[in-house]
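By convention here, the first residue in the shown sequence is residue 1. Just so you know, ligand 1 is whichever comes first in the structure, and atom 1 is the first atom listed for that ligand.
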Amino acid sequence: MRFQITRRALLAATAALAVTGSAALAQDRVTLRLSAVNSETDQRAVAMTEVFGPAVADFADFQPHWNATLFAQGSELEAIASGDLEMSITSAQELATFFPEWSIFAAGYVLQDAEHQVAVFNDPLMDPFRQRVQNELGVRLLAPMYLGRRQVNLRQTQDQLNVQTPADLAGVNLRMPGTDAWQFLGRALGANPTPMAFSEVYMGLQTGAIDGQENPLPTVVDSKFYEVTNQIVLTSHLVDWNFIAISAELFDGLPVEQQEAITAAAQAAADSGRAAQLAKEEEAVATLQGHGMTVYEPDVAAFRETVQAAYLDSDFSAAWPEGVLDAVNALGN
Ligand code: KDO
């Protein structure tokens, strides 16, 4: 029996194959929505957009949402756990609301610099911390992002309020992010901590609802806090970091080569963002002085001693696994 394939049938078969083929390819593509609080000019956003996205473009559509436009600050991890979000840029403070032991990585005057952050993140001491987040929250932490040395940033001029020791912050209404670990740090600094979402801080400073806030200097530049504040007190009370986070269920369901590509892309983005943020931090004092701000160093030893004593005497340190603080300190300089 000879088959007579008509030209029409051949065209129909080719078209059908193209559709199923492209559908199959489309099915292979994964959507990676990332929700984060920072602005699109923040070095973490630049690194994710310019490094991470292109590096996974062969098989994934990276869709970043900045300025907390997709999920409110602090709600991202639950969104990932419930399958409503794929990625976020999370923090030790947010993780500490689920797993108290994480507060060790959010404690004032523990991490010393960007290099120390990378050494800690890559050290086996992190394995039980990461494993718990993965097993119990369904979130994988791919790489550490450098946020910077957090400084106190006040509306008052130095003539009105000259901060040398924690006693000088007594009664100062200092905005801190909303979690317990952040509020504790604000009290340890000597201030009266006020919980407020990052997206409301500019308005809070402008209206006087808060006397000040604390963040790394690149953030003061990116969020234009220099327009509504007058001084920077270089407490360097927390060398802060974030983590590129992804849904464990999504990640584990991908082919190994795509898992490896995503991990490498996250590490490359974190490295790129870290270098850019460090450079921006170096020039930030001059930038802010150029905007008319006063920048000065207080009695940092007094702040360090007060803050460290507060933590060691707190319920937070009671949750820190035995020996981890010594191991973290040993990785520093
Ligand atoms: C903030 O709310 O002050 C904070 O610095 C907390 C960080 O963990 C991080 O969420 C950061 O905001 C945002 O990424 C904006 O820089």
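- Any N or O atom pair closer than 3.5 Å counts here, and Asn215 shares at least one such pair with ligand 1.
- By the criterion of side-chain heavy atoms lying less than 4.5 angstrom apart, applied directly or through intervening Ile, Leu, Val, Met, Phe, Trp or Tyr residues, Leu238 is grouped together with Tyr109 in one hydrophobic cluster.
- Ring orientation note: the planes of Phe105 and Trp241 are nearly perpendicular, at an angle over 60° on the 30°/60° scale.
- The shortest separation from a heavy atom of Gln213 to ligand 1 is not under 4.0 Å, leaving the residue out of contact.
- Assignment of Gln93 to the shell around ligand 1 is not supported, since no heavy atom sits closer than 4.0 Å.
- Neither the backbone nor the side chain of Val201 has any atom closer than 4.0 Å to an atom of ligand 1 (non-hydrogen atoms only).
- For atom 7 (C) of ligand 1, the closest non-hydrogen atom on the protein side is Leu147 CD2, 3.9 Å.
- In summary, Arg150 and Asp240 engage in a salt bridge, as defined by a charged side-chain N under 4.0 Å from a carboxylate O.
- Closest approach of Pro298 and Leu234 over heavy atoms only: CD-O, 3.3 Å.
- The shortest N/O to N/O separation between Glu94 and ligand 1 does not fall below 3.5 Å.
- Considering each of Asn242, Thr179, Leu238, the one bringing a non-hydrogen atom nearest atom 9 (C) of ligand 1 is Asn242.
- The shortest heavy-atom distance from Met176 to ligand 1 is not under 4.0 Å.
- The side-chain heavy atoms of Leu95 and Val133, taken from C-beta on, include a pair separated by under 4.5 Å.
- Between atom 3 (O) of ligand 1 and the options Met145, Arg175, Glu214, Arg44, the minimum heavy-atom separation is to Arg175.
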Point to revise | Residue pair Trp182, Glu214: steps toward the side-chain contact (heavy atoms from CB on, under 4.5 Å) verdict | key: CA-CA 11 Å; Trp182 282 117; Glu214 47 78 60; 4.2 Å; yes
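- Nearest protein neighbour of atom 10 (O) of ligand 1, counting heavy atoms only, is Gln73 NE2, 3.3 Å.
- Short contacts between ligand 1 and Ser91, defined as distances under 4.0 Å to a heavy atom of the residue, involve ligand atoms 8 (O).
- Aromatic ring orientation, Phe243 versus Trp102: perpendicular (interplanar angle above 60°, classes split at 30° and 60°).
- Judged by the 6.0 Å and 45° rule, Arg132 forms no cation-pi pair with Phe98.
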